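Have a look at the structure below, then the notes.
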Amino acid sequence: QVRLLESGGGSVLPGESLNVSCVASGSTEQSYLITWFRQAPGKEREGVAGVFTNTGGKLIANSVLGRFTVSREKARHTVTLQMRRLEPEDSAMYYCAAAGPPWNFPWETPAHYPYWGQGTQVTVSS
């Protein structure tokens with residue numbers, strides 16, 4: 001079992017940048033797909049970006065392509081979502097989630113992830 005802890009959320013102005021991080025602990029020797037999801041009030045949880053901890057391979061949602069990137073520091077069991085040119089529509093609770101292999105599922109689908117962090121709030125407002 002793996003435990004996930006998010007950090008780095010906050011309030012920023014439109015156009016600014018923000019990084020949020022997810023640190024894994026517990027069974028970190030196993031490979032995972034760790035994905036960032038976000039959920040705004042009244043909306044469905046949306047997959048934003050994911051990374052495979054063994055290879056570093058990345059997945060990015062079309063809705064944030066070109067503005068968001070994702071990376072992992074394998075030795076520190078950390079996955080970071082780098083968000084640039086933030087917009088008010090990016091305001092949401094951001095969660096990281098983990099799934100072990102096999103990864104033969106749509107990566108943006110929350111139901112396939114058994115492990116979740118508590119979330120960190122990102123607010124973009126002028």
Side-chain angles (χ1 to χ4, degrees):
Q1 184 171 350
V2 66
R3 294 178 296 278
L4 304 171
L5 181 64
E6 303 96 334
S7 63
S11 295
V12 297
L13 297 172
E16 292 188 336
S17 299
L18 189 67
N19 292 348
V20 289
S21 293
C22 173
V23 178
S25 61
S27 300
T28 55
E29 68 281 0
Q30 180 180 339
S31 296
Y32 294 95
L33 168 59
I34 295 184
T35 295
W36 281 97
F37 289 84
R38 65 184 181 184
Q39 188 168 21
K43 294 190 176 181
E44 293 188 353
R45 194 164 292 191
E46 172 192 18
V48 176
V51 63
F52 293 93
T53 61
N54 53 345
T55 64
K58 302 175 183 181
L59 304 160
I60 302 288
N62 288 335
S63 59
V64 299
L65 189 62
R67 297 191 301 122
F68 289 15
T69 58
V70 65
S71 61
R72 64 104 163 83
E73 294 179 71
K74 194 171 183 180
R76 296 178 61 185
H77 309 300
T78 300
V79 173
T80 299
L81 180 68
Q82 297 102 3
M83 302 179 288
R84 301 189 303 272
R85 302 197 307 275
L86 282 161
E87 303 167 355
E89 293 73 23
D90 295 315
S91 297
M93 185 70 81
Y94 282 71
Y95 301 90
C96 66
W103 299 298
N104 53 351
F105 57 83
W107 69 273
E108 306 101 318
T109 304
H112 294 290
Y113 293 79
Y115 308 110
W116 289 83
Q118 294 300 305
T120 186
Q121 179 68 39
V122 172
T123 302
V124 185
S125 175
S126 56

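Here the structure is a predicted model, which is why all the values come from computation and not from measurement.
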Worksheet item: Within a strict 4.5 Å, meaning less than it, do heavy atoms of the Ser125 and Ser11 side chains meet?
Response: no
Worksheet, complete the sentence: side chain to side chain contact (heavy atoms under 4.5 Å, CB included) filter on Ser7, not counting sequence neighbours, yields Ser21
Discussion item. Just to verify, what does Gln82 make a side chain to side chain contact (heavy atoms under 4.5 Å, CB included) with, not counting sequence neighbours?
Written reply: Asn19, Thr69, Ser71, Thr80
Value rounded to 0.5 Å, distance of [atom1] in [X] from [atom2] in [Y]:
X      : Y      : atom1 : atom2 : answer
Glu89  : Lys43  : CD    : NZ    : 7.5 Å
Cys22  : Leu5   : SG    : CG    : 8.0 Å
Gln118 : Tyr95  : CD    : OH    : 8.5 Å
Arg72  : Thr78  : CZ    : OG1   : 11.5 Å
Phe37  : Glu108 : CZ    : CD    : 8.0 Å

Practice prompt. Answer yes or no: is there a donor N or O on one side and an acceptor on the other, between the side chain of Thr28 and the main chain of Ser25, under 3.5 Å?
Written response: no
Practice prompt. Keeping the roles fixed (side chain from Ser27, backbone from Gln1), state whether a donor-acceptor pair exists under 3.5 Å.
Written response: yes
Discussion item. Using a 4.5 Å cut-off between side-chain heavy atoms of Ile, Leu, Val, Met, Phe, Trp and Tyr, which other residues end up in the same hydrophobic cluster as Val2?
Written reply: Leu4, Val12, Leu18, Val20, Tyr32, Ile34, Trp36, Val48, Val51, Ile60, Val64, Leu65, Phe68, Val70, Val79, Leu81, Met83, Leu86, Tyr94, Tyr115, Val122, Val124
Between [X] and [Y], which heavy-atom pair has the shortest distance, and what is it?
X      : Y      : result
Ser31  : Pro101 : O-CD, 3.4 Å
Gln121 : Ala92  : NE2-O, 3.3 Å
Pro114 : Ala99  : CD-CA, 4.0 Å

Worksheet, complete the sentence: Applying salt bridge (Lys or Arg N to Asp or Glu O under 4.0 Å) to Glu46 and not counting sequence neighbours gives Arg38
Practice prompt. Spell out, yes or no, whether Tyr113 and Phe52 are grouped together once hydrophobic residues are joined by side-chain heavy atoms under 4.5 Å, including indirect joins.
Written response: yes
Item to complete: Tell me, please, which residues at least two apart from Trp107 pass ring pair (Phe, Tyr, Trp, His ring centres under 6.0 Å).
Response: none
Discussion item. Going by the rule side-chain hydrogen bond (donor to acceptor under 3.5 Å, both in side chains), which residues pair with Arg67 if we only count those two or more places apart in sequence or in a different chain?
Written reply: Asp90
Item to complete: Decide if atom CD of Glu29 counts as having more than 12 heavy atoms of other residues, nucleotides or ligands within a radius under 6.0 Å.
Response: yes
